[in-house]
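First comes the structure, then the notes that go with it.
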Amino acid sequence: MSKSAAPQSRVIPQEAFDWYDEYAHGVIDRRTFMSRLATLTAVGLSIGTLTSALIPNYALAEQVSFNDADIKATYERFISPNGYGECQGYLVLPKRLVGAPATEKAPVVLVVHENRGLNPYIKDVARRLAKQGFIAFAPDALFPVGGYPGNDDDGRALQASMDKAKLEEDFIAAARYIKQHPQSNGKLGGVGFCYGGYGVNMLAASIPEELSAAVPFYGTPGAEALRDHVKGPIMLQFAGLDTRVNDTWPAYEAVLKENKADYVAYNYADVNHGFHNDSTGRYAEAEAELAWSRTLAFFNKHLM
């Protein structure tokens with residue numbers, strides 16, 4: 001099912017999207033963000049119009065219902081010995097595996113969320129993958145502090161308060177946990193968005209022998225000391241207007257080239273950071289569907 005971006009997003013000035021990116025990543029606070037938006041009312045845009053285009057509306061983010069007959073979704077606990085201990089994730093199985101013997105196998109994909117916890121958009125991405133035949137697992141990094149709180153502002157604040165190194169260990173533990181699922185075929189993929197894109201780059205550098213395919217969407221690279229461990233296969237997806245992330249790419253690509261890593265990168269012109277997220281006005285339908293079709297083809301090639 002395809003969706004179109006909110007109509008007003010086509011008349012929103014680019015600086016508003018840039019301000020939202022700064023706000024969403026903690027560069028500016030909400031008060032500064034709203035004050036900047038207020039300056040645009042002089043050109044005929046109401047605050048309501050601006051915020052409805054920029055701030056996620058998760059009622060728009062469901063492409064696959066949690067009640068879809070082709071999947072089964074549950075919450076599963078796992079242990080992260082080097083991270084926060086007991087953690088939890090959203091597990092979605094294809095229908096053919098539900099109640100089937102362990103001899104029925106499928107590849108697994110870890111879905112790494114943004115910098116605000118396991119919100120409805122990320123859960124829907126997991127369901128989309130299961131609908132395509134993958135075992136999908138989306139950890140909630142906020143579980144140790146109560147879980148995704150139901151709104152992104154509080155989720156962002158909670159995640160920012162957590163220990164970065166422990167969070168990374170939790171995602172590594174989640175990857176190993178789901179790879180060992182009784183119905184896993186032993187092939188592990190990873191896809192992530194924004195912070196999750198960083199997370200997938202981090203996994204590609206931290207557990208290169210265990211990750212069979214990685215697809216970071218508009219994510220910065222892992223720690224510089226680890227980057228030369230990345231072997232791939234890795235498919236990197238970038239938004240053309242996302243200068244903050246794109247500025248990190250030349251140095252990262254130089255390392256990948258030097259180490260003869262198996263990689264491919266796509267840059268989608270004239271779209272913003274978050275263009276795959278269909279709950280906001282940043283959503284770019286054509287580019288999102290192309291990027292997602294490439295992601296599925298990549299996973300089918302390397303995980304099946």
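Remember, it's a predicted structure, so these values are computed and weren't measured experimentally.
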Please tabulate, one pair per line, all N/O donor-acceptor pairs under 3.5 Å involving side-chain atoms of residues 97-106, not counting sequence neighbours.
residue	atom	partner	partner atom	Å
Glu104	OE1	Arg96	NH1	3.1
Lys105	NZ	Ala102	O	3.0
Lys105	NZ	Pro182	O	2.8

Plane angle bin for [Y] and [X] - parallel if under 30°, tilted between 30 and 60°, otherwise perpendicular:
X: Tyr268; Y: Tyr266; answer: tilted
X: Tyr75; Y: Tyr90; answer: tilted
X: Tyr177; Y: Phe137; answer: tilted

[X]: which residues meet the salt bridge (Lys or Arg N to Asp or Glu O under 4.0 Å) condition with it, sequence neighbours left out?
X: Asp140; value: none
X: Glu209; value: Lys231
X: Arg31; value: none
X: Arg36; value: Glu22

Approximate separation, where rounding is to 0.5 Å, of [X] [atom1] and [Y] [atom2]:
X: Leu91; Y: Arg77; atom1: CG; atom2: CZ; value: 14.0 Å
X: Arg282; Y: Ile55; atom1: CZ; atom2: CD1; value: 10.5 Å
X: Phe17; Y: Asp242; atom1: CZ; atom2: CG; value: 13.0 Å
X: Leu226; Y: Asn201; atom1: CG; atom2: CG; value: 11.5 Å
X: Arg227; Y: His229; atom1: CZ; atom2: NE2; value: 12.5 Å
X: Ile135; Y: Leu110; atom1: CD1; atom2: CG; value: 12.5 Å

With [X], which residues qualify under ring-ring contact (aromatic ring centres under 6.0 Å, His included), at least two apart?
X: His181; answer: none
X: Tyr58; answer: none
X: Phe143; answer: none

In terms of side-chain heavy atoms, does [X] have a donor or acceptor partner in [Y] at a distance below 3.5 Å?
X: Thr49; Y: Ser46; answer: yes
X: Thr280; Y: Asn277; answer: no
X: Tyr218; Y: Asn267; answer: no
X: Asn300; Y: Gln132; answer: no

Handout entry: salt bridge (Lys or Arg N to Asp or Glu O under 4.0 Å) pairs, two or more places apart, involving residues 111-134
Key = Glu62-Arg127, Asp68-Lys131, Asp70-Lys131, Arg116-Asp152, Asp124-Arg127, Asp124-Arg128, Arg128-Asp278
Completion exercise
Contacts satisfying salt bridge (Lys or Arg N to Asp or Glu O under 4.0 Å) that involve residues 165-190 (not counting sequence neighbours) are Arg176-Glu210
Which atom names give the shortest non-hydrogen contact between [X] and [Y], and what distance separates them?
X: Leu45; Y: Pro13; result: CD1-CD, 3.6 Å
X: Ile79; Y: Ala173; result: O-CB, 3.7 Å
X: Ala16; Y: Phe33; result: O-CE1, 4.4 Å
X: Ser206; Y: Ile172; result: CB-CD1, 4.0 Å
X: Val200; Y: Gly192; result: CG2-N, 3.4 Å
X: Ser212; Y: Pro233; result: O-CD, 3.2 Å

Tell me whether [X] contacts the main-chain N or O of [Y] through its side chain, where contact means a donor paired with an acceptor under 3.5 Å.
X: Thr295; Y: Ala291; answer: yes
X: Asn246; Y: Ala239; answer: yes
X: Asn119; Y: Ile122; answer: yes
X: Tyr84; Y: Asp163; answer: yes
X: Thr51; Y: Ile47; answer: yes
X: His113; Y: Ala141; answer: yes

Exercise for the section: Share the residues that join Trp249 in a hydrophobic cluster, the rule being Ile, Leu, Val, Met, Phe, Trp or Tyr side chains under 4.5 Å apart at the heavy-atom level. Expected result: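 Listed partners: Val230, Ile234, Leu236, Phe238, Val245, Tyr252, Leu256, Tyr263.
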Exercise for the section: Find out whether Gln88 and Glu76 are in side-chain contact, i.e. whether some heavy atom of one side chain is under 4.5 Å from a heavy atom of the other. Expected result: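 No - every pair of side-chain heavy atoms lies 4.5 Å or more apart.
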Exercise for the section: Would you mind reporting whether Leu40 and Glu15 have side-chain heavy atoms less than 4.5 Å apart? Expected result: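 Contact flag for Glu15/Leu40 side chains = yes.
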Problem - Partner of Leu54 by side chain to side chain contact (heavy atoms under 4.5 Å, CB included), out of Tyr23, Trp19, Tyr20 - result: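 Output: one option passes, namely Tyr20.
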Problem - Qualifying residues under side chain to side chain contact (heavy atoms under 4.5 Å, CB included), relative to Tyr195, sequence neighbours excluded - result: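 Asn115, Gln159, Leu167, Phe171, Tyr198.
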Practice task
Could you give me the CA-CA distance, side-chain angles and deciding distance for His25 and Arg156, then say whether side chain to side chain donor-acceptor pair (under 3.5 Å) is met?
Solution key: CA-CA 8 Å; His25 294 92; Arg156 188 181 301 112; over 6 Å; no
Handout entry: Test log, rule side chain to side chain contact (heavy atoms under 4.5 Å, CB included), inputs Glu258 and Asp228
Key = CA-CA 8 Å; Glu258 182 178 352; Asp228 61 358; over 6 Å; no
Problem - Phe193/His276 aromatic ring centres below 6.0 Å - result: yes
Problem - Co-membership, hydrophobic cluster, residues Val92 and Leu188, 4.5 Å side-chain - result: no
Exercise for the section: Check the hydrophobic clustering (I, L, V, M, F, W, Y; side-chain heavy atoms under 4.5 Å; chains of links allowed) and say if Val191 and Ile207 are grouped together. Expected result: no
